[in-house]
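Step one of this worksheet: look at the structure below.
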Amino acid sequence: MKQFIIGLLIATLTLTGCKSLNQVQVNLENDLEVMTYNLRLDIASDKENAWPNRKNFLSSQILFLEPDILGVQEARPNQVEDLKESLKDYEFIGKGRDGGQEGEHAGIYYNSNKLSVEKEHTFWLSETPDVVSKGWDAAYPRVCTYGLFTFKESKLKIWVFNTHLDHVGKVAQKEGMLLILDKINEVNTQKYPVIIMGDFNVEPNSEVVTILKNQLSDSREKAEVVFGPEGTFNAFKYDEPVTRRIDYIMVSDGINVEKYATLSSSIDFRFPSDHFPVFVKLIVK
């Protein structure tokens with residue numbers, strides 16, 4: 001497939017002369033498609049929207065889009081395993097918020113044909129991040145999973161952080177994100193490009209997003225092409241406008257954002273989750 005794409009691009013370039021072949025090859029090697037997705041935990045009280053009734057729809061959606069990196073939130077152990085079964089070319093990193101593989105995960109799936117992971121870790125958003133714990137005024141324990149990924153062809157490296165901030169504690173939201181930024185400064189000694197993504201449970205005018213934008217860029221604002229609704233939290237309410245934007249992909253310098261999409265797919269007036277996934281196409285420099 002890649003050979004066909006390159007051949008098509010060569011033909012296009014021959015006619016237009018708009019780019020060098022070398023530049024096209026670099027873009028093919030260094031492009032990165034990234035997706036963040038709050039899966040909605042598997043809970044029987046969701047009834048018709050419970051996980052068994054939507055897991056095939058959701059996994060098919062991911063397989064169709066083929067993100068190179070997928071950050072998930074609210075993934076219970078059985079949901080992690082269900083996606084592992086469906087996503088054959090992907091590997092997974094992350095621990096549950098209750099320790100080991102127990103409880104909800106904010107883990108990362110990655111395309112093992114394109115990427116390898118050199119380092120990976122999960123820590124808790126609390127005053128004691130190395131042990132299972134609940135921080136500040138949070139309603140629940142919250143975690144952040146990160147990895148240092150290497151492109152197998154170009155050998156470029158990129159850090160990816162995925163998290164789910166608390167939905168109640170305002171102090172926990174702010175301090176949790178500050179802890180993540182501190183962790184980035186600690187581990188990123190080589191100054192590689194960085195992505196922070198996830199369900200932040202705050203809207204764009206919040207203090208948390210303002211703090212983040214002092215160091216990174218909002219991929220929606222940086223994108224050359226933007227598609228889909230601005231809101232990301234649909235609450236399974238098909239017949240109401242989606243206005244709350246609480247899911248983000250933030251990028252550092254060294255990353256160009258070609259495309260950004262909020263994907264509001266549905267079947268028979270049903271969504272695959274109570275959040276829309278956010279999907280971006282990036283070029284890592």
Side-chain angles (χ1 to χ4, degrees), residues 36-43 45-46 71-77 79-80 93-108 120-146 159-188 194-216 218 220 230-237 242-250 273-278:
T36 180
Y37 210 157
N38 184 319
L39 305 181
R40 173 62 179 174
L41 75 163
D42 181 6
I43 185 168
S45 59
D46 279 344
V72 296
Q73 303 87 41
E74 289 194 24
R76 285 187 166 177
Q79 293 173 289
V80 171
I93 61 172
K95 294 181 180 178
R97 70 185 188 187
D98 297 332
Q101 293 302 313
E102 299 301 314
E104 295 177 19
H105 292 64
I108 301 172
E120 56 104 349
H121 185 58
T122 298
F123 63 95
W124 279 259
L125 303 184
S126 75
E127 299 92 331
T128 54
D130 295 327
V131 297
V132 177
S133 52
K134 183 173 69 173
W136 303 285
D137 57 348
Y140 295 103
R142 300 291 182 175
V143 295
C144 176
T145 293
Y146 66 87
W159 288 99
V160 179
F161 288 70
N162 178 46
T163 195
H164 186 187
L165 298 183
D166 199 66
H167 67 300
V168 174
K170 301 301 181 184
V171 176
Q173 290 169 352
K174 177 182 176 180
E175 294 299 327
M177 188 55 71
L178 288 172
L179 187 64
I180 293 170
L181 292 172
D182 285 343
K183 178 62 71 172
I184 291 171
N185 291 331
E186 174 189 332
V187 301
N188 191 20
V194 176
I195 295 171
I196 303 177
M197 63 179 171
D199 175 1
F200 298 165
N201 268 313
V202 296
E203 297 193 53
N205 61 352
S206 66
E207 185 179 11
V208 169
V209 173
T210 300
I211 290 170
L212 266 173
K213 287 169 68 174
N214 287 331
Q215 299 188 39
L216 299 101
D218 184 342
R220 182 181 175 90
E230 184 171 358
T232 63
F233 178 65
N234 63 63
F236 289 124
K237 296 178 180 178
V242 179
T243 59
R244 289 191 64 207
R245 183 182 176 218
I246 59 175
D247 301 88
Y248 300 84
I249 298 175
M250 311 292 287
S273 176
D274 64 345
H275 288 242
F276 295 143
V278 174

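Note that these values count all heavy atoms, side chains included, but never hydrogens, waters or copies made by symmetry.
- Looking at Ile196 and Ile184, their side chains come closer than 4.5 Å, going by heavy atoms from C-beta outward.
- With hydrogens and angles ignored, the 3.5 Å screen pairs a side-chain donor or acceptor of Asn162 with a backbone N or O of Ala106.
- One N or O on the side chain of Ser133 and one on the backbone of Thr128 form a donor-acceptor pair closer than 3.5 Å.
- Asp166 and Gln173 get closest at one heavy-atom pair: O-NE2, 2.8 Å.
- In this structure, Glu102 contributes its side chain and Gly99 its backbone to no donor-acceptor pair below 3.5 Å.
- Going from atom CD of Gln101 over to atom OG1 of Thr122 covers 8.0 Å, rounded to the nearest 0.5 Å.
- Across all non-hydrogen atoms, the minimal contact from Ala138 to Lys134 is O-CD, 3.3 Å.
- Interatomic distance, CD of Glu74 versus CG of Asp42, reported as 11.0 Å (0.5 Å rounding).
- Counting only heavy atoms from C-beta outward, the side chains of Asp274 and Asp46 never approach each other to under 4.5 Å.
- Proximity of Pro204 to Asp218: side-chain heavy atoms (C-beta onward) are nowhere separated by under 4.5 Å.
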Query - Worked verdict on His275 versus Arg40 for side-chain contact (heavy atoms from CB on, under 4.5 Å) - result: CA-CA 7 Å; His275 288 242; Arg40 173 62 179 174; 5.9 Å; no

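- Residues Val242 and Thr232 are not in side-chain contact: their nearest non-hydrogen atoms beyond the backbone lie 4.5 Å or more apart.
- In this structure, the side chain of Thr163 does not engage the main chain of Gly198 through any donor-acceptor pair within 3.5 Å.
- Cation-pi contact between Lys183 and Phe123: present, with separation from the ring centre below 6.0 Å and deviation from the ring axis of at most 45°.
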Requested in this report: List the steps and the verdict of side-chain contact (heavy atoms from CB on, under 4.5 Å) for Met177 and Leu165.
Outcome: CA-CA 8 Å; Met177 188 55 71; Leu165 298 183; 3.9 Å; yes

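- At distances below 3.5 Å, not a single donor-acceptor pair connects side-chain atoms of Glu104 with backbone N or O atoms of Pro77.
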**Report entry** Working for side-chain contact (heavy atoms from CB on, under 4.5 Å), residues Phe276 and Asp247
**Finding:** CA-CA 8 Å; Phe276 295 143; Asp247 301 88; over 6 Å; no

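- Using modelled atom types, one side-chain atom of Ser273 and one backbone atom of Leu39 make a donor-acceptor pair closer than 3.5 Å.
- No donor-acceptor pair under 3.5 Å is formed between the side chain of His167 and the backbone N or O of Asn201.
- Between the Gln73 side chain and the Thr36 main chain, no donor and acceptor come within less than 3.5 Å of each other.
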